[in-house]
Amino acid sequence: MSSAVGARRKTGPVARTVAQAKVNLFLRVLAREASGYHQLETLFCRLDLGDAVVVRTGVRGRSLDCSGDAMPSQGIGPVERNLAWRAAEAYAGATGWPNDWAIEIEKRIPVGGGLGGGSADAGAVLRCLNALAPEPLPEAAMLLLAAPLGSDVPFLVTESALALAWGRGERLLKLPALPVRDVTLVAFPFGVVTRDAYTWLDDAGRGTRPDAVAFSTDDLSAWSGVARMAHNDFEPVVTAHIPSIATTLGVLRSAITAGGDPNAIALLAGSGATVFLLGADLPRGEVRVDGVTSRTVHARTADRVVAVEVSD
Ligand code: C5P
């Protein structure tokens with residue numbers, strides 16, 4: 001499936017990378033701003049699972065083509081609302097370059113799942129354009145371009161595999177990557193709309209848990225410390241609205257009890273619907289709970305960001 005605007009000529013310099021997904025190893029939702037947006041405190045971790053992104057400049061016209069196993073059945077919607085497209089527009093608007101582009105995305109990250117797929121694509125497009133640009137932007141300027149595109153995009157435009165983030169995700173503290181671990185993702189046949197999840201939190205009058213503890217970054221230098229901090233403020237409201245997610249998290253937590261790893265983690269990914277498990281095993285294939293069949297996807301946490309490769 002593809003969407004395109006303008007005539008296309010696929011020549012010119014090309015940049016490729018992998019738009020890696022993320023999970024939040026903890027996620028606290030703080031104050032709601034007058035704008036309606038919420039302040040966050042979160043620990044982002046990239047995964048090795050990612051969409052393949054190719055960006056060409058020196059073409060005629062602007063285009064975006066999406067394909068891949070994780071394409072939503074209804075397609076990607078209007079191209080101008082796609083985050084990857086908006087990222088290219090933001091870059092062109094800020095720097096005056098490029099006029100035209102051809103973006104190709106092979107979707108592999110489950111869509112609407114809280115894994116940051118659309119945001120990862122936007123981050124990858126910004127990184128690809130910057131690698132091709134006659135005058136590349138410094139990282140601080142890239143973060144400014146990324147922030148209005150969404151709270152996950154600033155982290156996903158950096159070269160960091162692990163980072164704390166505050167504000168709307170634009171205030172970042174990069175951390176040394178943790179040792180790679182296997183992750184099992186349970187991808188539901190439906191997503192959660194991020195805006196809905198924030199509304200559910202507001203309606204429930206819930207912010208972060210009152211016993212949220214201060215931490216030092218030393219706590220985040222080993223999986224044992226991260227496992228102690230693992231938490232997601234969205235979990236109570238999302239599971240209350242979608243009981244099959246609660247039941248599935250129960251399955252994951254039983255696997256942890258059976259496995260006995262004290263550093264195991266089972267959490268909702270972002271605002272859902274995907275849940276993930278580190279440090280315990282789930283059978284490959286499908287999980288069936290409450291009449292809902294979900295797909296398990298086996299991935300790993302990442303200890304590096306896949307570089308952008310440029311060729312002519
Ligand atoms: O960041 P993203 O564009 O995915 O956000 C979708 C919606 O979620 C926003 O329009 C807003 O309603 C809500 N949101 C929020 N606070 C944030 C991020 C998102 O209220 N920090």
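Order of appearance sets the numbers: ligands from 1, and atoms from 1 within every ligand. The structure displayed is predicted, hence computed values, not measured ones.
Annotation: salt bridge (Lys or Arg N to Asp or Glu O under 4.0 Å) contacts involving residues 128-152, sequence neighbours excluded, comprise Lys22-Asp152, Glu139-Lys174.
Using a cut-off of 4.0 Å between Lys/Arg side-chain N and Asp/Glu carboxylate O, Asp233 and Arg28 are scored as not salt-bridged. Asp182 has a carboxylate O that lies under 4.0 Å from a charged side-chain N of Arg300, or vice versa, which qualifies the two as a salt bridge. One finds a salt bridge joining Arg181 and Asp261 here, because a Lys/Arg side-chain nitrogen approaches an Asp/Glu carboxylate oxygen to under 4.0 Å.
Cluster annotation: Val305 is not connected to Leu162 through the hydrophobic network of ILVMFWY side chains, with a link wherever side-chain heavy atoms come within less than 4.5 Å. Following chains of ILVMFWY side-chain contacts shorter than 4.5 Å, one can reach Val308 starting from Leu83, so the two form part of one hydrophobic cluster.
The contact shell of ligand 1, taken as protein residues with any non-hydrogen atom closer than 4.0 angstrom, comprises Gly36, Tyr37, His38, Leu40, Gly150, Ser151, Thr194, Arg195, Tyr198.
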